[in-house]
Amino acid sequence: MSQGPARRGNEKHKRIDRRSWLKAIGVAGAAGLAGCSGGGGGGGDGTSQSGGGNGSNGSQPSNATNGSALGGDGNETGNQSNETSSGGVPEVGGTYSTITSSSPETLNPLYNTEDGAGDLISYALDLGYGFRPGTEYFPRLYDMTTDQGNVWVAKLRENLEFGGDYGEVTAEDFVYQITELHQSEWAATADASSWPSEVNVEATGDYEFQIELPNSNALYPETYDPLLYPIPMELMQPYVEEQNADGLRQDEELLGLGFAGNMGAYTLDSRNRSSSLTYKRNENYYLRDAEGVPERFSEAPYFDTLEVQIVPESQSRLAALEAGETDSASVPFNRVSKFRNLERTDVYVIPQPYNEVCVYNMRDNGWNAGPGNLFRKKKFRQGLGCAVNKQRLSKGVFRGFADVEYTWQPQWSKWYPDDNSNIMQFGTGDLYGPEATQSRIKEAISDTDYGYSGGNLKNPNGETVTLSLYHSAGQPTERSMADFIAQEFKQNAGINVEVSAIQGAQFSREYWQQQIPDNPDQYEWSEGSNNAGPREVTSANPWDMTVVFGLNTYPLNPTTASVFFQKDSAYNPYGYYPSWNASELFERASNATSEEELQPIFNEIFAKISEDQPMGMLAFPADTIGYATGINGPQENFFSEWDFSAWYRNG
Amino acid sequence: MGLGWYITRRVGWAFIVTFIIVSITWALLAAAPNPEIAQAATQVALQGGDPADAQAAAERARELRGLDAPLYQRYIDYVTGVYTLDWGWSETRSQPVIQAILGALYYTAQYSIPWTLLVIIIGPMVGLYSSATQYSWKDHLATGFAFFGYAIPNFFFGIILLLIFGVELGWIPVIYNTGVPVFSLENARQLAVPVFVLVTGSIGGIMRVSRNESAAFMNADFVKTANAKGVSKLRIYARHVLRPTMVPLSTTMISQLLYLFVGSSLLVEIVFGIPGIGRLSYRAIIAQDTSVVLGFTLFFTFVATIANLLQDITYTVLDPRIDFDDR
């Protein structure tokens, strides 16, 4: 099941990984499924690779209680040194155990599309690069440089060895993978969408290859498009010759990561698909001898064994954390204070990029309360934006472990405008309450037969407007959020909201995704089931509003978020037509050659988004992860586990 | 016609029944659209390919999966696959289906065999005892125990016991460890609570049926006669009451255990993190992993058919009045 821009679910990792960036299309169902399986509150499941970042050694995690929930700032560079207090390198030994809720579908790096599985793979096989706190590029297998942003050169480390008889890693392995698999029609790899045919890749030396883009892209690494796993060319060749995708998918070496050689901190030792994975320390981990990496990697990793237990039941996972049987597990918001008070656990609040949104259906089967779809009017959406108190939502529903959202970026993102005077802060201050709400709605309905009577919005038949709002079944936090929205809409907008629970996958399939028209050519665009055409193309069932999906705001490279705001993009299930020139602005952002050039463009984009209110943008809940005290490494930062292989246990 | 011929016929019939079910599942599968084909076409479409490319991709996918072969060929391949245990590939687990099922069964058997044995032994015994001491405090206690086990949801009960014995007292591990030997104290320790939860959950029905069924025989003439002849109480209960009680009870037992096998075991497996057949099937259904769903459908078909066969044979052994000649 793929993970992408749309996702919610406490049982899934909420990090931005490469899949999240890559998969801009066709992934809403995953969000639903993730949502279905979750319990209430709390973030990832403890094996997330994104959290942590800049805390000080052994410090108590922040005790966020209101509004500003996020303990860490993605822009901070972090001051932690993982060395022991005596200044030496930590001792190697012991076991690090973590716990996750579900078994991955596959560990085949070429076909994995799940965050959780990505973490499991990453223990035994590093990806090409990563980011440190402050969005600082961290070269793992290769460094990437560019002059103008259209030709990027990837330079490999020279101490990379595959396992088995595959020998050393060369540029040719990567080039072959890109050209013969990702750019092929038959292989349908997870990375296929990252490597369109117009991207030219060629080896320019044994340890160097270059990627030539059709347009310049100053934030190309941040898109995660050039992020690759190393796969031996000899392993791929037989499947390439036969164009055998099933064989490639089912290859035992790929599934068992046996080819990983020295490119993972640990080696996969055993795997029981439903219950556990065990890894052993890799004595030859390449980062130990790598140049330009912090000293603490010199003996990494510091655990002899790494265990990942798969336990589907949330209470059982928490019991394991409490009993000391695991070193990390996700903690629901309502249990954070308990686990903070336990001697043997700490809870870290780790910001993540998925937002809580109330999506309005602007397609023809949306707004079932009367004639004319009022969601299509900017003023009406602004009115709805004034109806929900975001600070109370954060405090009440998310127990303070969420920051309010005004536009499509968390405030810790380096791209969030420094001067936010142009960001309209709907839902707080003067932009909250019945007056702010109803004045805007009245303006929006001035040319219609809708009207207010007795504080209620009436449709032309004189009936109070009643809208449906769907949330994922089995998600208590989401249910609370839906109830809160319903209450606020009633109180401030005079609109009745009927809250309904639904399985995420069912909502995705029957409500969110449109039915592909028989003749797509008759429409101006038809981009697949998440935007199968203009507003007249609809899903099988009508719906008004939903909170089923949390959407990725892509804080490292917001240009990736363009799909959410263009009417003919690959991801527009809600039928949003921007009242601003989204295509042009995002195009400018894509073509910018420097970060300095980008910032003013993003400032403008985020101001426009906040003003246009394409959907109710409500909050950024954090992940709350419990760790055993004494685990040195986790930090309250978006880039938390960038140095996971250098974590160790105190004492 | 003897018992041997009867069993042979019943086995033959069981084979035919499974064959019919296998054929029906094939027909249903053949009639259903294959999501992987649609996915292949969508993939091309999303990459900007034209409709002809998407069609070609769908054809290629169809070809790779052998779906372009004539129907009869596909049917023969399928049936051959089923009976040679080649049940396909699980997309959600990235392993052959038969491996997934056997792997899960290995763990399910570890708690379901003791569970079944305990239920079969304790259930009728408690029921019989309850019936023998009808309306006494012992009967009420046994009835209370039965209803408690029946009423309290296994899921909830399991969590409570886990918190008490795992977290508070530390007597049992919270996380199930697949690495321990099957016949070891450690394994017995980690399976004790799941088995206890299942036994209390399923013993109620069997105990009540055995109590009510045996009550009918407690005052029967043959029991009175045995009493008058001075036969010991134990012998009366075991030979004269339990035996006829077991005939209707065996039906209840088999159907209930089969039902519980799927329902209760799933919940217990989720709470205790046991990677058994319940979790496998549940996840396969949620993830729409058709191969695995089909796999355990076949598995349960075989199990149910064999259970039915055993039940019929049990009847004839337990009650000589049941004649198998005409059946």
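Chain A is the first sequence line, chain B the second, and so forth, proteins listed ahead of strands; every chain is numbered from 1. Source: prediction; values computed, not measured.
Using a 4.5 Å cut-off between heavy atoms, A:S275 contacts chain B through both its backbone and its side chain. Looking at A:P520, there are no atoms closer than 4.5 Å to chain B (heavy atoms on both sides), in backbone or side chain. Heavy-atom distances place both the backbone and the side chain of A:I310 under 4.5 Å from chain B. Contacts between B:R279 and chain A at a heavy-atom distance below 4.5 Å involve the side chain alone, from C-beta outward. In this structure, the portions of A:E325 lying under 4.5 Å from any heavy atom of chain B include both its backbone and its side chain. In this structure, the portion of B:F155 lying under 4.5 Å from any heavy atom of chain A is its side chain and not its backbone. The part of A:Q309 that comes within reach of chain B is its side chain, from C-beta onward, which places non-hydrogen atoms under 4.5 angstrom from that chain.
At a threshold of 4.0 Å, the pair A:R344-A:E322 does not count as salt-bridged, since none of the basic side-chain nitrogens sits closer than that to a carboxylate oxygen.
No other option in B:L163, B:D289, B:T178 has as many heavy-atom pairs under 4.5 Å with chain A as B:T178.
Less than 6.0 angstrom separates the ring centroid of B:F148 from the ring centroid of B:F157.
B:L294 has its side chain within reach of B:Y78: a pair of non-hydrogen atoms, C-beta onward, lies under 4.5 Å apart.
A:N112 contributes no side-chain N or O that, together with a main-chain N or O of A:L107, makes up a donor-acceptor pair within less than 3.5 Å.
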Would you please test B:Q190 and B:N187 for side-chain hydrogen bond (donor to acceptor under 3.5 Å, both in side chains) and show each step?
CA-CA 5 Å; B:Q190 69 178 357; B:N187 201 28; 2.9 Å; yes
